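Let me give you the structure first, and then I'll get to my questions.
Since we're looking at a predicted model, the values are computed, not measured. For the numbers below, each heavy atom of this structure counts, side chains included, while hydrogens, waters and symmetry mates do not.
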Amino acid sequence: MNNVNVEDLKYKSEYDINQGKYQNGYRIVLFDENGNYYIDAYSGTIEGFMIGFAENDPIIDEDDIPKFISIDDLLERYLNDLPNITAVALYKTDGTCIEKRSRKKG
């Protein structure tokens with residue numbers, strides 16, 4: 001498993017400028033074919049990531065947000081939506097990897 005810097009998980013950044021520290025929560029981490037990682041969305045709850053898969057923008061009603069099914073489903077949605085990544089993982093902001101899913105080859 002790729003080593004992800006815990007500090008990258010804890011801090012908000014925009015254009016590599018420190019924007020403050022996240023509280024306890026979760027981060028999505030994307031991996032490319034070279035083993036590089038990119039810190040993506042933050043959410044205080046795992047279910048909160050589903051807002052990124054809403055079909056309507058702006059979100060008018062909670063029914064616009066897909067229902068959370070499982071962590072496997074969540075990670076599979078990222079792989080389906082982002083064809084240029086080779087893997088995706090769910091991390092706690094303390095550095096604990098909850099689960100990682102790689103794209104199936106072939």
Side-chain angles (χ1 to χ4, degrees):
M1 184 169 304
N2 303 53
N3 292 327
V4 174
N5 184 335
V6 175
E7 296 303 307
D8 291 342
L9 298 169
K10 290 182 180 180
Y11 289 92
K12 304 175 192 179
S13 67
E14 186 171 333
Y15 310 110
D16 293 326
I17 298 170
N18 183 354
Q19 299 289 316
K21 191 172 184 177
Y22 281 116
Q23 299 299 317
N24 292 335
Y26 302 89
R27 298 297 297 265
I28 294 292
V29 180
L30 310 173
F31 297 89
D32 69 14
E33 63 188 15
N34 297 317
N36 299 315
Y37 69 86
Y38 306 90
I39 306 298
D40 199 60
Y42 165 86
S43 179
T45 65
I46 295 172
E47 295 82 1
F49 289 111
M50 296 307 290
I51 199 166
F53 298 102
E55 291 187 22
N56 300 322
D57 188 19
I59 296 169
I60 306 297
D61 188 279
E62 272 192 46
D63 290 338
D64 294 342
I65 303 169
K67 300 292 181 224
F68 177 79
I69 297 170
S70 68
I71 292 172
D72 284 336
D73 175 68
L74 174 68
L75 298 180
E76 195 64 36
R77 286 173 184 264
Y78 273 96
L79 287 172
N80 288 336
D81 281 3
L82 302 169
N84 294 329
I85 65 170
T86 58
V88 60
L90 175 65
Y91 276 83
K92 290 179 76 171
T93 53
D94 70 4
T96 304
C97 181
I98 304 296
E99 192 164 334
K100 183 176 180 183
R101 164 91 34 120
S102 296
R103 187 176 305 284
K104 292 180 177 112
K105 295 179 182 179

For this session: Calculate, to the nearest 0.5 Å, the distance between atoms NZ and CD1 belonging to Lys100 and Ile71 respectively.
Result: 15.5 Å

Exercise. Does the Thr93 side chain pair with the main chain of Tyr26, one donor and one acceptor, at a distance under 3.5 Å?
Worked result: no

For this session: Following the transitive rule for hydrophobic clusters with a side-chain heavy-atom cut-off under 4.5 Å over Ile, Leu, Val, Met, Phe, Trp and Tyr, establish whether Ile51 and Tyr78 coincide in one cluster.
Result: yes

For this session: Can you see which heavy atom on Arg27 is nearest to which on Asp8, and at what distance?
Result: NH1-O, 3.8 Å

Problem set entry | Approximate separation, where rounding is to 0.5 Å, of Tyr38 OH and Asn84 CG | 10.5 Å

Seminar exercise, completed: Rounded to the nearest 0.5 angstrom, the CZ-CG distance for Arg103 and Asn80 is 7.5 Å

Problem set entry | Approximate separation, where rounding is to 0.5 Å, of Tyr37 OH and Asn3 CG | 8.5 Å

For this session: May I ask you to check whether over 12 heavy atoms, not counting those of Glu55, lie within 6.0 Å of atom CD?
Result: no

Exercise. In terms of side-chain heavy atoms, does Thr96 have a donor or acceptor partner in Asp94 at a distance below 3.5 Å?
Worked result: yes

For this session: Looking only at non-hydrogen atoms, find the nearest pair between Gly95 and Val6 and report the distance.
Result: CA-CG2, 3.9 Å

Problem set entry | Pair Ile28-Leu90, side-chain contact (heavy atoms from CB on, under 4.5 Å): steps then yes or no | CA-CA 5 Å; Ile28 294 292; Leu90 175 65; 4.0 Å; yes

Problem set entry | Nearest non-hydrogen partners of Leu74 and Phe53, listed with the distance | CD1-CE1, 3.8 Å

Using atom types as modelled, flag every donor-acceptor pair under 3.5 Å from a side chain in residues 40-50 to any protein atom, sequence neighbours excluded.
{"from": "Tyr42", "atom 1": "OH", "to": "Asn24", "atom 2": "O", "distance (Å)": "3.1"}
{"from": "Ser43", "atom 1": "OG", "to": "Thr45", "atom 2": "N", "distance (Å)": "3.2"}
{"from": "Ser43", "atom 1": "OG", "to": "Thr45", "atom 2": "O", "distance (Å)": "2.6"}
{"from": "Thr45", "atom 1": "OG1", "to": "Gly48", "atom 2": "N", "distance (Å)": "3.1"}

Problem set entry | Results of salt bridge (charged side-chain N to carboxylate O under 4.0 Å, His left out) for Asp73 - residues two or more places apart only | Arg77

Problem set entry | Leu30 versus Val88, closest heavy-atom pair with distance | CD2-CG2, 3.7 Å

For this session: Can you see which heavy atom on Cys97 is nearest to which on Ala89, and at what distance?
Result: SG-CB, 4.4 Å

Seminar exercise, completed: Between Ile98 and Lys92 the two heavy atoms that sit nearest each other are CD1-CG, 3.5 Å

For this session: Sequence neighbours left out, what passes side chain to side chain contact (heavy atoms under 4.5 Å, CB included) with Asp64? Give chain and number order.
Result: Asn56, Ile59, Ile60, Asp61

